[in-house]
Student: 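So that we are looking at the same thing, I have put the structure below in structure tokens.
Each ligand, and each atom within it, is numbered from 1 in the order the structure gives. The shown structure was predicted, so the numbers you read here are calculated from the model rather than taken from an experiment.
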Amino acid sequence: MTLLDLTPDQLLSTTRAVRKRLDLTRPVEPELIRECVELAVQAPTGSNSQRWHFIVVTDADKRKALGEFYRQGMEAVYGFNAGQSKQPTPRDPELARKQARILSSAQHLAVHMHEVPVLVVPCIEGRLDGVPSARQAGVWGSILPAVWSFMLAARARGLGTAWTTLHLLREKEAAEVLGIPYEKVTQAALIPVAYTIGTDFKPGPRKPLDEVLHWDQW
Ligand SMILES: Cc1cc2nc3c(=O)[nH]c(=O)nc-3n(C[C@H](O)[C@H](O)[C@H](O)COP(=O)(O)O)c2cc1C
């Protein structure tokens with residue numbers, strides 16, 4: 001296993017949503033995915049419950065099905081998938097450029113989702129439909145840190161990932177394809193994983209810290 005030469009802070013600040021720079025032609029060794037999941041399960045869970053499961057999908061037909069569900073989810077939420085966006089273009093040219101970049105990146109991933117060599121579906125035991133938010137926090141909080149750890153571990157190994165959720169609009173259908181017991185298990189995300197094209201990534205644009213950082217009160 002070769003790790004990229006990144007400090008912990010560089011790793012934390014350069015793990016981006018990779019869409020256009022996923023290498024669709026290079027296979028990912030199963031051993032690397034195992035290592036990433038092994039690190040992921042060091043994340044915390046409520047009462048150390050560890051009700052997590054990671055479905056690693058490499059089968060071409062299953063990836064094809066997940067890609068299709070993802071595109072359907074994108075169409076349902078944003079009104080586009082592989083084609084033109086129906087979203088209004090902002091008047092501000094800077095905002096319009098930004099939106100065009102995001103749309104182009106999101107569409108690229110949607111078009112190629114099934115070609116990404118590994119798709120990971122992290123799951124948690126239990127269902128959250130109609131559950132009060134305080135309990136939901138405990139359940140989501142017992143899977144999401146592990147998923148982010150997985151993504152950080154992947155980046156350290158030269159792999160790119162992107163957190164995606166749009167396939168969840170077809171969660172039941174995806175559960176059928178993957179043999180997940182839908183009544184008992186919730187899917188949290190769909191994470192495409194591939195080697196990145198180049199390994200240099202920069203910190204992402206974020207709101208000014210003082211807009212979001214609060215000391216002692218809101
Ligand atoms: C909960 C969540 C859901 C997301 N869903 C999607 C998605 O369905 N498709 C997608 O292309 N990106 C998705 N993203 C990625 C975000 O768009 C991305 O993280 C954000 O634009 C910031 O970019 P960065 O991670 O490169 O800094 C999601 C991220 C999160 C945390």
Student: Does CZ in R34 sit with more than 12 non-hydrogen atoms of other residues, nucleotides or ligands closer than 6.0 Å?
Tutor: no
Student: Would you call R157-E31 a salt bridge at under 4.0 Å N-O?
Tutor: no
Student: List ligand 1 atoms under 4.0 Å from Y70, heavy atoms only on the residue side.
Tutor: 7 (C), 8 (O), 9 (N), 10 (C), 11 (O)
Student: What part of R19, side chain, backbone, both or neither, has a heavy atom within less than 4.0 angstrom of ligand 1?
Tutor: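 Looking at R19 and ligand 1, just side chain atoms fall under 4.0 Å.
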Student: Should S104 and K20 count as side-chain neighbours, where that means a heavy-atom distance under 4.5 Å?
Tutor: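 Heavy-atom side-chain distance check passes, below 4.5 Å.
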Student: Look at atom 5 (N) of ligand 1 and find which of T165, L168, L190 reaches it with the closest heavy atom.
Tutor: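 The nearest heavy atom belongs to T165.
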Student: Go through the side-chain N and O atoms of D23 and T25 and say whether any donor and acceptor fall under 3.5 Å apart.
Tutor: yes
Student: Which residue and non-hydrogen atom of the protein lie closest to atom 31 (C) of ligand 1, and at what distance in Å?
Tutor: W163 CG, 4.1 Å
Student: Which ligand 1 atoms are under 4.0 Å away from a heavy-atom of R206?
Tutor: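 Contacts of ligand 1 toward R206, numbered from 1: 24 (P), 27 (O).
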Student: Using only heavy-atom distances, determine whether the side chains of Q187 and H167 contain a donor-acceptor pair under 3.5 Å.
Tutor: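 Short answer, yes.
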Student: Let's go through Y78 and Q107 carefully: what are the C-alpha distance in whole Å and the side-chain angles of both, what is the deciding distance for side-chain hydrogen bond (donor to acceptor under 3.5 Å, both in side chains) to 0.1 Å, and is it a yes or a no?
Tutor: CA-CA 11 Å; Y78 295 109; Q107 284 178 325; over 6 Å; no
Student: For R16 and ligand 1, does the shortest N/O to N/O distance drop below 3.5 Å?
Tutor: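 Min N/O separation from ligand 1 is below 3.5 Å for R16.
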Student: Quick check: A17 and ligand 1, any N/O pair under 3.5 Å apart?
Tutor: yes
Student: Check whether any protein heavy atom sits under 4.0 Å from atom 2 (C) of ligand 1.
Tutor: yes
Student: Working to the nearest 0.5 Å, report the span between CG of L6 and OG1 of T15.
Tutor: 7.5 Å
Student: For Q107, which part has a heavy atom under 4.0 Å from ligand 1: side chain, backbone, both, or neither?
Tutor: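 Under 4.0 Å from ligand 1, Q107 contributes no heavy atoms.
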Student: Please check whether T164 reaches ligand 1 - meaning an N/O of the residue sits under 3.5 Å from an N/O of the ligand, judged on distance alone.
Tutor: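 No, T164 has no N/O under 3.5 Å of an N/O on ligand 1.
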Student: Could you check whether any side-chain heavy atom of V18 comes within less than 4.5 Å of a side-chain heavy atom of T161, counting everything from C-beta outward?
Tutor: no
Student: List ligand 1 atoms under 4.0 Å from L166, heavy atoms only on the residue side.
Tutor: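 Heavy-atom distances to L166 below 4.0 Å select 8 (O).
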